[in-house]
**Student:** 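Submitted below is the structure of interest, expressed as structure tokens.
Hydrogens, waters and symmetry mates play no part in the numbers below; they use all other heavy atoms, side chains included. Letters go in sequence order (proteins before strands), and every chain restarts at 1.
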Number of protein chains: 2
Amino acid sequence: MRDLSRASGISLAGLYYYFDSKERMLFLIQKHTFTTIVQRLNARLLGVSDPEQQVRIFILNHLEYFLANQAAMKVLSHEAEALNNGFASDLAAIKREYYRTCVGLLDELKRDRGLQFSTRIAVLSLFGMMNWIYTWHNPRIDADAKQLASEMSDIFLRGVMTGGKVRR
Amino acid sequence: MRDLSRASGISLAGLYYYFDSKERMLFLIQKHTFTTIVQRLNARLLGVSDPEQQVRIFILNHLEYFLANQAAMKVLSHEAEALNNGFASDLAAIKREYYRTCVGLLDELKRDRGLQFSTRIAVLSLFGMMNWIYTWHNPRIDADAKQLASEMSDIFLRGVMTGGKVRR
DNA sequence: GCGATAATCGAACGTTCGTTCGAACATAAG
DNA sequence: CTTATGTTCGAACGAACGTTCGATTATCGC
């Protein structure tokens with residue numbers, strides 16, 4: 001809170017005039033972040049019907065936001081469980097919706113292409129690939145979000161789309 | 001430190017008889033952990049020459065240790081940057097060796113199969129898939145390390161081994 | 001049994017953190 | 001101008017944290 005006070009130019013006590021507590025502040029930031037990501041995703045998904053293309057859009061949308069707000073995402077990843085039950089459950093609903101969206105896209109891909117893999121493991125592996133980026137991405141070395149999203153999409157989509165055809 | 005005191009039955013002051021500081025303690029834990037993983041990996045890699053099999057072993061070794069010490073790995077992932085420069089550089093050397101090992105395996109796979117992909121992105125994506133597991137793995141729901149390693153290996157290896165053949 | 005060294009601990013110190021309080025100041029309506 | 005309401009802040013509180021100190025107790029060679 002003292003860091004935020006210094007950075008914002010508002011006195012420490014002043015912050016508490018606008019925010020009930022540090023925890024509620026963190027909650028509002030997280031809620032805003034996830035809501036924004038979900039909104040952008042839904043907007044980009046409109047009019048796209050090819051399941052593979054939808055997954056590529058999901059990955060691009062996720063990485064773009066993560067890289068544009070890298071410092072913030074680092075905090076969010078670290079403080080994911082720092083909220084009391086009241087706040088946590090509210091947030092869990094939004095996260096769950098986002099997770100379910102990804103599950104939906106992959107299930108549709110599976111059905112459309114007659115594939116066979118564990119959706120849960122695939123989704124969580126994908127989130128791992130994407131979320132881990134905050135630990136290593138270096139703007140001076142690594143490519144931009146579009147390029148990285150393309151490479152990760154290639155790895156992931158080939159991974160789930162190759163070999164595991166279901167018998168008809 | 002008070003938690004460790006309670007959990008270990010040693011008084012708070014007693015801990016400082018054995019460890020210089022909390023930071024040094026964290027450093028020793030991290031060093032021991034990574035050294036153990038590297039040792040086990042090298043032992044398992046002996047006598048295996050097929051690059052694909054080597055990568056599968058790498059993944060299995062990593063996941064087995066992560067799941068067997070899930071709580072510890074959660075701490076390590078969170079405190080990765082909590083060390084002062086003196087300790088951090090010592091640890092970075094070990095981590096770098098582990099990272100380089102994985103790069104070596106993938107480069108060999110690439111050469112052996114004539115593939116074409118960014119080793120850096122592939123390795124870091126793989127680490128993301130594997131390390132993220134501490135955020136979601138539930139022993140009551142999810143399969144064991146061997147099974148998970150197999151599924152992740154399938155996704156990852158198909159991902160990097162499909163499509164990107166180099167022109168000869 | 002005795003002295004020396006090792007091991008253990010309760011109590012405290014100084015700092016940092018989230019939070020609150022009361023006063024000071026600004027703003028605008030009557 | 002007065003009064004009520006909104007805004008801002010310095011100063012402090014109580015708790016938690018990493019760490020240290022001095023004293024007490026165990027261990028062991030002689």
Side-chain angles (χ1 to χ4, degrees), chain A residues 1-37 65-66 69-96 131 134-135, chain B residues 1-37 65-66 69-96 131 134-135:
Chain A
M1 296 302 283
R2 281 167 176 84
D3 286 345
L4 294 178
S5 163
R6 202 176 311 116
S8 66
I10 301 173
S11 73
L12 185 58
L15 287 180
Y16 281 87
Y17 180 74
Y18 292 102
F19 300 98
D20 301 343
S21 67
K22 174 192 164 187
E23 201 179 9
R24 176 152 174 80
M25 209 169 170
L26 180 58
F27 165 73
L28 289 172
I29 295 174
Q30 296 211 34
K31 184 169 182 173
H32 174 264
T33 298
F34 279 103
T35 305
T36 303
I37 293 184
Y65 199 91
F66 256 56
N69 308 71
Q70 195 168 3
M73 301 318 289
K74 192 178 234 165
V75 173
L76 293 205
S77 295
H78 272 237
E79 311 277 308
E81 303 171 6
L83 295 175
N84 276 351
N85 288 343
F87 293 132
S89 63
D90 237 41
L91 242 189
I94 307 179
K95 288 191 189 176
R96 181 137 196 89
N131 290 343
Y134 82 85
T135 65
Chain B
M1 296 303 281
R2 282 167 175 85
D3 286 346
L4 295 177
S5 163
R6 202 175 310 116
S8 65
I10 301 173
S11 73
L12 186 57
L15 287 180
Y16 282 88
Y17 180 75
Y18 291 102
F19 300 97
D20 301 344
S21 65
K22 174 193 164 185
E23 201 178 8
R24 177 152 174 79
M25 207 170 169
L26 180 58
F27 165 73
L28 290 173
I29 295 174
Q30 297 211 35
K31 185 169 183 173
H32 174 265
T33 297
F34 280 103
T35 305
T36 303
I37 293 184
Y65 199 90
F66 257 55
N69 307 71
Q70 193 169 5
M73 301 319 288
K74 191 179 235 166
V75 174
L76 294 205
S77 295
H78 272 239
E79 312 278 307
E81 302 169 8
L83 295 175
N84 276 351
N85 288 343
F87 293 132
S89 62
D90 237 41
L91 240 189
I94 308 179
K95 287 191 190 176
R96 180 139 197 87
N131 291 343
Y134 81 84
T135 66

**Student:** Would you mind listing every ring-ring contact (aromatic ring centres under 6.0 Å, His included) that reaches into residues 3-26 of chain B, with sequence neighbours excluded?
**Tutor:** none
**Student:** Between P on C:dG22 and OH on A:Tyr17, what's the gap in Å once rounded to a whole number?
**Tutor:** 17 Å
**Student:** Hey, could you give me the CG/CE distance between B:Leu4 and B:Met1, rounded to the nearest 0.5 Å?
**Tutor:** 6.0 Å
**Student:** Look up atom CG in A:Leu12 and atom CZ in A:Arg2, then write down how far apart they are to the nearest 0.5 Å.
**Tutor:** 5.0 Å
**Student:** At under 4.0 Å between heavy atoms, which parts of nucleotides 11-24 of chain D does protein reach? Answer with one letter per nucleotide, 5' to 3': B base, S sugar-phosphate only, - none.
**Tutor:** -B----BBBBB---
**Student:** Return the value, rounded to whole Å, for the distance between atom CG of A:Leu26 and atom C1' of C:dG18.
**Tutor:** 14 Å
**Student:** Measuring from atom CE of A:Met73 to atom OG1 of A:Thr33, what distance do you get when rounded to the nearest 0.5 angstrom?
**Tutor:** 6.0 Å
**Student:** Who passes side-chain hydrogen bond (donor to acceptor under 3.5 Å, both in side chains) against B:Arg24, sequence neighbours left out?
**Tutor:** none
**Student:** Measure the distance from OH on A:Tyr18 to C1' on D:dC9 and round it to the nearest whole Å.
**Tutor:** 12 Å
